[in-house]
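Shown next, in structure tokens, is the structure this report addresses.
Just so it is clear, the model here is predicted, and its values are computed rather than measured. No hydrogens, no waters, no symmetry mates; every other heavy atom, side chains included, goes into these values.
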Amino acid sequence: MDYRQLGRSGLSVPVLTLGTFTFGGAGPFGMVGQQGVAEARELIDCALDLGIGMVDTANMYSTGLAEEILGEALAGRRDRVLISSKARMRIGEGANDQGASRWHLIRECERSLTRLRTDHIDIYHIHEWDGQTPVEETMAALDMLVAQGKIRYAGCSNYTGWQLMKSLMASERHNLTRFVTQQIHYTIEAREAEYELLPIALDQGVGVTVWSPLAAGLLSGKHRGGRIALESRQANGWTEPPIRDPARLWAIVDELAAIGESHGVEAAQVALAWLLTRPGIASLVVGARSRDQLERNARALAISLTGDQLARLDKLSRPPMIYPHWHQEQFAKPRFGGPEFALHPRVGADERPFQQ
């Protein structure tokens with residue numbers, strides 16, 4: 001298992017992380033999976049066998065049940081894995097049962113520690129932006145949790161570019177702990193992160209982990225010919241992520257499958273291998289319904305995509321140049337410094353290394 005440094009921190013993380021979205025199955029999470037302690041323990045056994053030494057969860061996954069299951073399944077081997085968790089989403093009916101306030105974050109971190117049966121969380125993410133809490137309050141709360149030893153590193157998830165930069169600048173201005181990572185949705189079908197989030201990550205030294213790198217299974221290859229597979233979460237009404245151009249999606253899936261055939265793997269592994277070629281990516285959070293599925297996805301690490309294959313995939317999936325990117329493409333490209341190439345294609349003299 002390859003490990004990559006997480007942003008500007010000294011922490012190294014495996015390029016694959018085991019996700020726990022399927023643990024518990026309470027409420028709407030039942031459409032994704034209903035794994036209990038026995039199934040979770042088997043998946044963690046498999047992950048450790050593969051060298052996957054990080055597990056990702058959140059306080060709102062099955063309203064805390066996923067963390068409880070993970071804590072029990074990790075009994076006796078907590079020191080073998082890094083734990084990533086999150087808080088911010090609504091987890092109750094009270095006025096303060098959501099958000100990124102000091103009150104909510106400290107309470108939820110302490111609850112997560114209890115459920116996870118641990119004295120610290122290695123990476124603690126703000127799960128979503130909170131426009132009603134001053135960003136200084138959020139970063140000060142994280143700084144306090146680091147000082148108390150309850151978390152080791154702070155991260156964010158699902159932020160826009162300006163929200164991430166505002167948080168980073170607040171930390172710098174007030175000498176507070178800094179986001180070392182962002183967890184984002186990024187796939188070969190959904191490349192919006194290339195407009196702002198990946199360039200910021202490269203420029204500011206923020207490591208990137210990716211949630212749902214197979215677009216909730218849409219890129220796995222089990223959905224083909226424009227038809228959603230029966231017994232899938234989409235067939236049961238799951239709507240995340242949104243697909244705005246179905247024809248484009250199916251063309252990408254067909255190409256992934258064709259390239260996978262040449263490597264003796266499935267479309268899913270090619271989609272993961274493509275993500276690992278992208279700048280700034282530290283780890284992909286992959287869930288699994290079984291040991292076999294997790295082992296199959298780990299085969300992505302052995303795939304070396306050729307230049308022609310990358311070009312074919314890029315042609316089908318490249319995002320449009322929205323403003324001001326199309327203007328900069330015409331007039332600013334000779335002065336690009338590196339992070340800009342997370343979006344803009346490199347040609348000829350532009351073949352320069354990324355500057356992080």
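Proximity of a side-chain donor or acceptor of R178 to a complementary backbone N or O of L168 within less than 3.5 Å is not detected. At distances below 3.5 Å, not a single donor-acceptor pair connects side-chain atoms of R117 with backbone N or O atoms of T114. With T138 contributing its side chain and A100 its backbone, the two residues share a donor-acceptor pair below 3.5 Å. In this structure, T17 contributes its side chain and V285 its backbone to no donor-acceptor pair below 3.5 Å. For Q148 (side chain) and L145 (main-chain N/O), no donor-acceptor pair under 3.5 Å exists by modelled atom type.
Defined by atom type and a distance below 3.5 Å, a donor-acceptor pair is present between the side-chain atoms of T160 and Q163. Side chain to side chain, R289 and T22 fail the donor-acceptor criterion of an N or O pair below 3.5 Å. No side-chain donor-acceptor contact under 3.5 Å links H344 and Q328. Between the side chains of H104 and R90, no donor-acceptor pair is found at a separation under 3.5 Å.
Salt bridge absent: D119 and R78 never bring a charged side-chain N and a carboxylate O closer than 4.0 Å. Salt bridge present: R278 and E194 bring a charged side-chain N and a carboxylate O closer than 4.0 Å.
The ring of Y61 has its center no closer than 6.0 angstrom to the ring center of F23.
A chain of hydrophobic side-chain contacts below 4.5 Å, direct or via other Ile, Leu, Val, Met, Phe, Trp or Tyr residues, connects Y124 to V135.
With respect to H127, the side chain to side chain contact (heavy atoms under 4.5 Å, CB included) criterion is satisfied by exactly one of E108, K86, Q183: K86.
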